[in-house]
Amino acid sequence: MYQSQRHYVPIVYDRYHMQAQFGRDVMGAVRLEEAQKHRQEAEALKEYTKETNNPELQKMAREKSHEERKLYTELKKSRWILLKKDDHLNERQKTHLLDILSEHRDLAICYAMKQEMTRLFTLTDYEEALAGWAKWIQAGLESGIPALVKFARQKQKRIQGLAAHALYPINTGKLEGFNNKIKVLKRIGYGYRNMDYFFTLIRFHSLPADYSSPKIP
C-alpha cells in the first residue's frame, strides 16, 4: 500500500519584511513618541509665559519653547534618516543622525537594534544565527521600551524561522519593490479602461535602467 511521504518545509523570515515591520512598529512608533514629548513640552512652556509676569523668565521660556518646537519638527522629518543605511547618508545627514541619537536614548537603542538585525541577516551559520537572535530578542525584552519589548516578544516565537535565513538566504525585496511600483502606476493612472495598455506599461517599467532601444541600421 502506497503511503505518502511528508516533507518538512522550513519557515524562513526574510530581511525585507522584518526591517519594514521594525521600521514601522518600533522606529516609527518611538520616533513619534519622542517627537510628541517635544511638542507637549513646547506647549507647556508657551502656557508658562502667560502665567508669569517676570520678563526674564518669559524670554527664557519662549526660547526654550522654540527649541522644543524645532526638535519636534526635526524628529517628524527624520524618518528616512533613521531607516537608511549608514553608507547611503551624506555627511550632513550623518551629522543630523548623530545629533538625534545623542539626544534621544530610546531612539539610539532602537537604532542599534536595527543595525544588529541587519548584521544577523548576513550570517550563514544556523547555530550562530540562532544564538545571535536569542541575544537580540533578550536585549529587546530588557530594553524597557514598550514598542521594542512588544516586537521582541512577537519574534521570540519565530526565532527558528529567523535563524533559518542563515541556511536559506531568501530576499523578497525586489519583488515587494516592484509590487509597490505597480501600485503607483495604477494610482497615477486613476484606473485603466484598457488592461492591455496597463500590462504593457508594467512590462515597460520592468525593463532594466540601462536598457536602450536597438539601433536601426
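Bear in mind that the values here come from a model prediction, so they are computed numbers and not experimental data.
Aromatic ring pairs are classed by plane angle as parallel below 30°, tilted from 30° to 60° and perpendicular above 60°; the pair F198 and Y192 is parallel.
F151 is not listed as a side-chain neighbour of M113, based on a closest heavy-atom distance of 4.5 Å or more. E74 places a side-chain heavy atom less than 4.5 Å from the side chain of H96. Looking only at side-chain heavy atoms (C-beta outward), Q19 and F22 stay at 4.5 Å or farther from each other. Put simply, the side chain of K186 does not reach to within 4.5 Å of the side chain of K183, judged on heavy atoms.
S65 places no side-chain N or O within 3.5 Å of a backbone atom of A61 that could act as its donor or acceptor partner. A distance-only check finds no donor-acceptor pair linking the side chain of Q40 to the backbone of K37 [under 3.5 Å]. Remark: the backbone N or O of V26 is not paired with any side-chain donor or acceptor of K114 at under 3.5 angstrom. Panel note: side chain R31, backbone L75; a donor-acceptor pair is recorded below 3.5 Å.
Contact between W133 and L162 at its shortest, heavy atoms only, is NE1-O, 3.6 Å. Looking at every heavy atom in both residues, V30 comes nearest to C110 through CG2-SG, 3.9 Å. Shown here for L97 and D86, the closest heavy-atom pair between the two residues is CD2-OD1, 4.3 Å. Looking at every heavy atom in both residues, M27 comes nearest to L82 through CE-CB, 3.8 Å. Of all heavy-atom pairs between N54 and T52, the closest is N-OG1, 3.2 Å. Residues E128 and L123 come closest through the heavy atom pair OE2-CD2, 3.5 Å.
Atom CD of E103 sits about 11.0 Å away from atom CG of L98, to the nearest 0.5 Å. Atom CD of residue E33 and atom CG of residue D106 lie 7.0 Å apart, to the nearest 0.5 angstrom.
Judged as a side-chain contact (heavy atoms from CB on, under 4.5 Å), and not counting sequence neighbours, the contacts of K76 are L32, A35, Y72. Contacts of K155 classified as side-chain hydrogen bond (donor to acceptor under 3.5 Å, both in side chains), with partners at least two apart in sequence or in another chain: Q21. Applying the side-chain contact (heavy atoms from CB on, under 4.5 Å) criterion to K59, with sequence neighbours excluded, gives R62, E63.
Put simply, M117 and L167 are part of the same group of oily side chains (I, L, V, M, F, W, Y) that touch within less than 4.5 Å, one to the next.
Counting non-hydrogen atoms of neighbouring residues, nucleotides and ligands closer than 6.0 angstrom, the CZ atom of F178 exceeds 12 such neighbours. By the neighbour-count criterion of 12 heavy atoms within 6.0 Å, atom NE2 of H205 is densely surrounded, having more than that number from other residues, nucleotides or ligands.
A salt bridge links E116 with R119: the distance from a Lys NZ or Arg NE/NH1/NH2 to an Asp or Glu carboxylate oxygen falls below 4.0 Å.
Each of K70, E67, E68 was checked for a side chain to side chain donor-acceptor pair (under 3.5 Å) with H38, and the lone residue meeting it is E68.
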